[in-house]
Amino acid sequence: MKNLNFGGLCLLVGVLVLEALVAEGFNYGDALDKTLMFFEAQRSGKLPANQRVKWRGDSGLKDGYLQGVNMVGGYYDAGDHVKFGLPMAYTVTMLAWGAIDFRKEITELDQMGNALWSIRWGTEYFMKAHTQPNVLWAQVGDGDSDHYCWERAEDMTTPRTAYKLDQNHPGSDLAGETAAALAASALAFKPYNSSYSNLLLLHAKQLFTFADKYRGLYDDSIQNAKQFYTSSGYSDELLWAAAWLYRATDDEYFLKYVVDNAVYMGGTGWAVKEFSWDNKYAGVQILLSQILLEGRGGAYTSTLKQYQAKANYFACACLQKNDGYNIQKTPGGLMYVREWNNLQYASAAAFLLAVYSDSLSAANAKLTCPEGQIPPQALLDFARSQADYFLGKNPKSMSYLVGYGQQYPIHVHHRGSSIASIFSLQSTVGCVQGFETWYRRPEGNPNVIHGALVGGPDQNDNFSDDRSNYEQTEPTLSGCAPLVGLFSKLQSVSETAGRKFTENVSSLHFKNVVSYQDVITNSHVSLRLIFSGNYPKKAPVPRPTTPHSYQETQKTQEPYRSQGDNALTILQLCLISLNPYTAEIPVEFLHSITKTWTVGPTTYYRHRVIIKNKSEKPIKDLKLVVEGLSGSVWGLNPTQQRNTYELPQWQKVLQPGSECSFVYVQGGPQAKVTVQSYN
C-alpha cells in the first residue's frame, strides 16, 4: 500500500483558483428566472391561474371604462400604478429582442414560455389600445394623483383616466415605439404562433403609418406625462420602428425608409453614449448593423455602413476605446449616465453589446475603434462586467436584483411589495394609511419583489437602502427588460465554457513548474505561475471561435484576454494534476459544477468529481481524503477515519483507463480531494 500526503503545487493552485471562481461566479439562469417573475409582479388586470407571484391579486379591472374603452391589462410602470405607454412599449421591444436573438439560449434554459408570456401580456394590451388605425390609447392613470397615494394596486382609489393619441393629438414617438414593439414581438412569436404573429404585424404597420403621417410629441398631446416621461424627440422612434418592421417583414420599403431618412432623422448623424426608453439611436444603429453584417445591405450598404460607424462609436465608448469620448464609469466599474435610476442605462447598454458581440462573431468581424480592432469577446466581457455588478460584484457587495444573492435591497420603493398582501391583510389599505403605516415603517418589505432591478448606486458606488430614496430603490420595467436576453446569453456562455473545460482539460500536460505565488487581497485570490520547460503551445480555451489577439491600427498592444482567461488557463493546466513532480500518482481528478440553485440567502452547488486511473495497472482499495465537505456526498463510502472515504464495494478495483465519479452538494467553495492510499 502506498500512503500519500501531498499538497502538490498544481492542486493548491487549482483549488484556490476554482474557489475564487466559484466565489465570484453568478447563476445567471437563476437571475433570469427572477427577472421574469418581476414582470408577473407588475401585471395589471385579471391575473392568470399560473401566476407565480402569489402576493399579487387582480387589479385595474375597470381601466378605460369611463372613456368607453377596455384598457384592462398591461403593466404598471414601476413602484406606482400608472400605465405609461412609452416605457411599456420600449420594455416589450426589449423583451422581444432578447427572445429573438437569444432564442436558443432562453429555450435551453426552459424559459421561453415565461418569456413569451411576458411579451404577450404587453402586446394584448397594445392591441386593445389600438382601437382604430389612427387611434392609440397611450396611458392609464394620472401620475400626480397616483403618487399622492401609497396603496396596493388591488385597493386603488385614484383616478384611472385613459388618454389617447389621434390625428389631432399625435404622438409619433409613442406610436412608433409601439409599432416597434409589435413588430419585434411578431418575430418572437413567429416560430410558435404564425397567425398571432401576423396579427401583431398588422397592428404594427398601421401604427407606423399613423406615427409617420401625423407627427408630434406624445407628451405635447398628453400633458401630464411630461413630468414623468418627457420625450426628447420622435425621429429615433420612427427609424426604430421601420428597422424592426424591415427585420420582421423583409419588405424593402422599410429599409429604404431608414436609408432615405438617415441624415434627416439623425440616424447616421447622432453619435450617442446612451440607450434608453427615450433615446433609441444606439439601438437603431446596432439593429441596422446586424442587417449589414448578415450581408443583406444590397444597394443600401453604403448608408448602412454609416449607421454601423455610429454603432461602433457607442460600443467603443462603452469599452473606453473611443479616443477619450467614452462613457463615464463609477470607481467600481458601473456605467454611469445620470442620477435617477442609473442601472436602466447600464442594463440596456450591456444588452446591446451582447447582441452586437454575437453579430460580429457570426460575421467573423471585429469592432473598429479609434484605438484599434477589438474582438467581439471584449463586448461580451463589458456586458458581463455590468451584469456582475448588478448581481453583487461591486464595492457594496450588494445585489441590486431583488431576491438574488445573500444581500439585496429590502426597502424597495414599491407600493405592492411594501404593503402586506391582500391575501394576508384583507382589509383595504387607504391612501394616507399606506404612507403612515407602511411607507414609513423601518422594517423591510413584507413581499419580496423577485427580479426587480432597482435604480442602483450613485456615481461613487454609494447606495442607501431607503424606501423614500426612490432614485435608487425604485425598480422600473425599462430597467429590467434588457436583463432577460442578457442573463440568458451569459448563462449559456458560462455553461459552454464549463463543458469545454471538462472536455479539454484532461488532455493537457506540463512539467517543470518551478515557482508560484499566491496573493490574497480583499478576499480575492490572485495567482501567478511561472513556467519553464515544455507545455502545450495551443492550450484549449473555452471559447474556440474567439480571437486571442489582435493588432491595433497605430500601435502594438497586448493580446486581448477575456475576464477569467488567466484563471481558466491555470485550471486547465493544473486542476487535475495532483503531483506535477512525479509520475507516481496513478489517478487524476476532474472537478466540475453541474448545477446551482438558491434557497433563501444561500446558493448551493452540485459538484461532480471524476476519478480516472491514468496508469497501466489496476488500482485497488483507493482511499480519498475529502476536506471542507459540509454537505451530502453520493458515490463514496465513509470509513472510520475522519474525512476519509473509499470507493463503493462494487468499484473496489479501478481498471487502467477507466473512471468513476462521486457527487456532493454544498454551499460555498468546493471540497478539497486528495489521495490517502491505494494498492
Side-chain angles (χ1 to χ4, degrees), residues 22-42 52-56 78-79 330 332-335 341-344 346-347 350 384-421 438-439 441-458 460-484 486-487 490-491 523 596-605 667-668:
V22 169
E24 292 187 359
F26 294 102
N27 185 340
Y28 304 112
D30 182 46
L32 168 64
D33 186 60
K34 287 178 166 58
T35 300
L36 287 166
M37 288 183 68
F38 170 73
F39 292 98
E40 296 190 27
Q42 295 301 102
R52 293 184 295 170
V53 180
K54 300 302 183 182
W55 49 267
R56 277 297 323 282
T330 69
L334 175 68
M335 176 182 186
N341 203 282
N342 179 67
L343 290 190
Q344 66 176 312
S347 69
R384 183 187 291 109
S385 74
Q386 300 305 287
D388 289 355
Y389 190 106
F390 306 156
L391 298 179
K393 192 175 181 180
N394 55 64
K396 295 290 185 182
S397 298
M398 166 78 77
S399 167
Y400 294 110
L401 191 78
V402 177
Y404 181 93
Q406 298 184 8
Q407 182 182 3
Y408 51 80
I410 61 174
H411 300 91
V412 182
H413 184 92
H414 189 279
R415 286 157 174 77
S417 173
S418 68
I419 303 174
S421 169
W438 297 98
Y439 180 79
R441 68 195 294 263
E443 293 84 5
N445 291 2
N447 307 308
V448 178
I449 184 163
H450 288 97
L453 184 72
V454 297
D458 64 16
N460 296 312
D461 300 301
N462 296 317
F463 177 80
S464 174
D465 185 11
D466 187 326
R467 201 173 291 117
S468 65
N469 180 19
Y470 50 83
E471 292 181 346
Q472 293 191 332
T473 63
E474 185 174 21
T476 61
L477 294 174
S478 56
C480 293
L483 298 180
V484 172
L486 176 63
F487 287 149
L490 294 177
Q491 180 65 20
S523 300
T596 64
W597 64 94
T598 302
V599 178
T602 304
T603 298
Y604 293 92
Y605 302 87

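Note that the structure is a prediction, hence the values are computed from the model and not measured.
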To the nearest 0.5 Å, how far apart are [atom1] in [X] and [atom2] in [Y]?
X	Y	atom1	atom2	result
Y389	M398	OH	CE	10.5 Å
K34	L391	NZ	CG	10.5 Å
Q472	Y400	CD	OH	7.5 Å
D458	E471	CG	CD	10.0 Å
L483	F38	CG	CZ	10.0 Å
Y408	I449	OH	CD1	12.5 Å

Short question: side chain of [X], backbone of [Y] - any donor-acceptor pair under 3.5 Å?
X	Y	result
D461	P395	no
D388	K393	no
N342	P457	no

Does some side-chain heavy atom of [Y] sit less than 4.5 Å from a side-chain heavy atom of [X]?
X	Y	result
Q491	N27	yes
L486	S347	no
W438	N445	no
H413	Y439	yes

If every non-hydrogen atom of [X] is compared with every non-hydrogen atom of [Y], which pair is closest and at what distance?
X	Y	value
A78	T476	CB-CG2, 4.0 Å
A350	Q386	CB-CB, 4.0 Å
R56	E40	NH1-O, 4.4 Å

For this session: Tell me, yes or no, whether the heavy-atom count around F463 atom CZ, taken from other residues, nucleotides or ligands under 6.0 Å, exceeds 12.
Result: yes

For this session: Would you sort out whether D465 and K396 count as a salt bridge (charged side-chain N to carboxylate O under 4.0 Å, His left out), showing the intermediate values?
Result: CA-CA 11 Å; D465 185 11; K396 295 290 185 182; over 6 Å; no

For this session: Take the angle between the ring planes of F487 and Y28 and call it parallel below 30°, perpendicular above 60°, tilted in between.
Result: parallel

